[in-house]
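Worksheet for the structure shown next.
Counting convention: from 1, in listed order, for ligands and their atoms alike. The figures that follow rest on heavy atoms only: side chains count, while hydrogens, waters and symmetry mates do not. Values in this document were obtained by computation on a predicted structure and should not be read as measured data.
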Amino acid sequence: MMTDIRSLLAHWEKSGRIEHVREEVDPEYELAAIVRRGRGKKPYYFHKIKGYRVPMVSGLGGDRGMLAESMDIGVRDLVPKLIDAIVTPIPTRRVDRGPVQENVVTDRIVLDELFPICKYHKDDSGRYLVSGVLVVKQKDGSKRYTSIRRMQYLGGNRASILISSPELFRQYKEYEQENAPMEVAIMFGVVPAVILASQISTHLYHRDKLDVAGALLGQSLEVVPCRTVDLEVLSEAEVVLEGRMLPHVREQEGPFGELGGYYGDRTPQPIVELSAITFRNDPIWQTIYPSGFEEHTPMAIAREAVLLSTVRQVVPDVLDVHLTPGGIGRYHAVISIDKQSEGDAKQACLAAFASDKDLKHVVVVDKDVNIFDAEDVEWAIATRVQADLDVFIVPGAKGSPLEPSHQLRGVSAKMGIDATYPTSAAEAYRRTSVVVNGVPERGA
Ligand SMILES: Cc1cc2nc3c(=O)[nH]c(=O)nc-3n(C[C@H](O)[C@H](O)[C@H](O)COP(=O)(O)O)c2cc1C
């Protein structure tokens, strides 16, 4: 199993799937412009970054097929596999030393002397680190959490950090109340399974997400103790930043191009002060293009796992769910059901809205529609929906604070679309087929 990015890159190299960029690339704007062309779905390997000796990779986990392949499973197994991994995680193994600590810097830390920090969008407020997997421990030391939080580099050993989810912010506040710093470690250059596992919600599962990543990869992952903080990190990560989130210190952060493709607000955010940088020999630095598939896909799959489980409680014959790329993996869901009786589709919409406040529009289709094919879904809407009967709107429910179309931030209308046909009229909805080598194949 490929537990480090070196073996994953070697695997993709064999099938010629890595786009090598051998010319010098500027980390300011140019690198992002190149990666954006692949939309976060294509792995890029940058050999020469202007001003640096380290190579850089991006686009390792944005394509669902490649993400599944990195875990040695089929693409349709991603959501069931994640659900299984949450239910039966495989605990990490602690070892004394590992490759990520082949080099340790604790004196005079100036992060951008060692690693390039990119500027992504035209109007971003500065240079950002967007792909680091943050490791923290609950204050009583009992639980470890990982998540991804962007950091705006402030020079030397300082960066601001954006924490939008309530659970981690609550933990940070607990430290702050005691005027104590919260220890953090941030891992770069980890396999897509680690990133995917980091996206499951702490407040739902309270799982150690490195253990979940282990289950996704079918083996226990090795962790090593950090050098300057009481945390553990993956021994096969490429680079780790160790540090502390300071209590009662904030600096302005943003605007930055958010996942929806708009600039976010400028707001005061906490600060991390680095106490160590550790890295492998010949480290490979990694980034993710924000608002591309590499950001949307792991978030979407983690949300699909919740969606599938919740809808299944209400409509047992739900077959699959998809948070569509056009809906940035967050606002639009398509759900396929094996409809047993009238009302099932609207019930599935209601369950979906209850499961995820960020959902705005949900379409429910019959089992003959491919929910991963936007054209097929539109075909179902075109041929099976009467707006006065099949569409319902719930005004003024909770929504995503990141979404700008609300009149009131965080309040959103919900629209459900029942694109299933009436069970009593099945004959009128029989899809045409053609015959290929004696086998029927869909005609439309
Ligand atoms: C590439 C990428 C960048 C992300 N950046 C941020 C961020 O800057 N701030 C944030 O709060 N969440 C960010 N997220 C989402 C969180 O990582 C995710 O919501 C969190 O891990 C969920 O876990 P939690 O419930 O333990 O907080 C990002 C996700 C990805 C995939």
Side-chain angles (χ1 to χ4, degrees), residues 32 35-36 39-41 57-64 67 82 86 118 120-121 124-126 128-138 143-153 159-173 182 184 186-213 245 253-261 263-267 269-270 272 286-306 323 325 328-330 356-358 400-402:
V35 173
R36 195 193 62 120
R39 304 179 72 203
K41 281 183 163 190
V57 292
S58 188
L60 302 191
D63 176 76
R64 281 185 187 239
L67 173 60
L82 181 57
I86 293 167
C118 293
Y120 295 90
H121 314 98
D124 286 351
S125 59
Y128 280 80
L129 300 150
V130 282
S131 62
V133 178
L134 179 84
V135 185
V136 297
K137 247 188 211 161
Q138 216 164 18
K143 284 207 177 88
R144 186 174 58 191
Y145 297 117
T146 58
S147 59
I148 301 188
R149 314 288 171 181
R150 75 177 187 230
M151 297 165 79
Q152 180 179 219
Y153 185 54
S160 61
I161 183 161
L162 179 83
I163 299 179
S164 328
S165 47
E167 180 65 31
L168 185 56
F169 204 75
R170 191 188 57 70
Q171 289 177 35
Y172 169 60
K173 291 299 264 183
M182 181 160 98
V184 297
I186 305 125
M187 307 182 290
F188 291 84
V190 293
V191 288
V194 173
I195 288 181
L196 174 58
S198 80
Q199 295 308 297
I200 66 168
S201 275
T202 298
H203 73 273
L204 281 181
Y205 303 113
H206 288 279
R207 279 283 190 249
D208 184 318
K209 301 187 208 176
L210 293 180
D211 297 354
V212 172
M245 269 173 75
E253 195 261 13
F256 182 72
E258 303 276 1
L259 81 161
Y263 290 101
D265 294 336
R266 188 162 176 77
T267 50
Q269 297 299 336
V272 175
Q286 180 190 20
T287 190
I288 287 176
Y289 177 69
S291 74
F293 281 99
E294 204 181 1
E295 181 172 56
H296 297 167
T297 302
M299 288 200 222
I301 295 167
R303 283 165 184 260
E304 284 168 359
V306 181
L323 291 166
I328 66 163
R330 185 172 282 224
D356 187 341
K357 72 166 176 31
D358 288 358
S400 159
L402 287 177

- [ ] Return yes if some donor-acceptor pair links the side-chain N/O of E253 with the main-chain N/O of I161 below 3.5 Å, else return no.
- [x] no

Task: Protein residues that have a heavy atom under 4.0 Å from any atom of ligand 1, sorted by chain and number - done: V130, S147, I148, R149, R150, L162, I163, S164, S165, S198, Q199, I200, S201, T202, K209, I288, E295, M299

TODO: Determine, using ring centers only, whether H121 and Y289 are less than 6.0 Å apart.
DONE: yes

TODO: Identify, with sequence neighbours excluded, every residue that meets side chain to side chain contact (heavy atoms under 4.5 Å, CB included) alongside S164.
DONE: L162

Task: Test ring-ring contact (aromatic ring centres under 6.0 Å, His included) applied to Y120 - qualifying residues, sequence neighbours left out - done: none

TODO: Tell me, please, which residues at least two apart from R64 pass side chain to side chain contact (heavy atoms under 4.5 Å, CB included).
DONE: V75, L78, T297, A300, I301, E304, H322, F372

Open item on the list: If I take atom OG1 from residue T287 and atom CG from residue L60, how far apart are they, to the nearest 0.5 angstrom?
Closed with: 10.5 Å

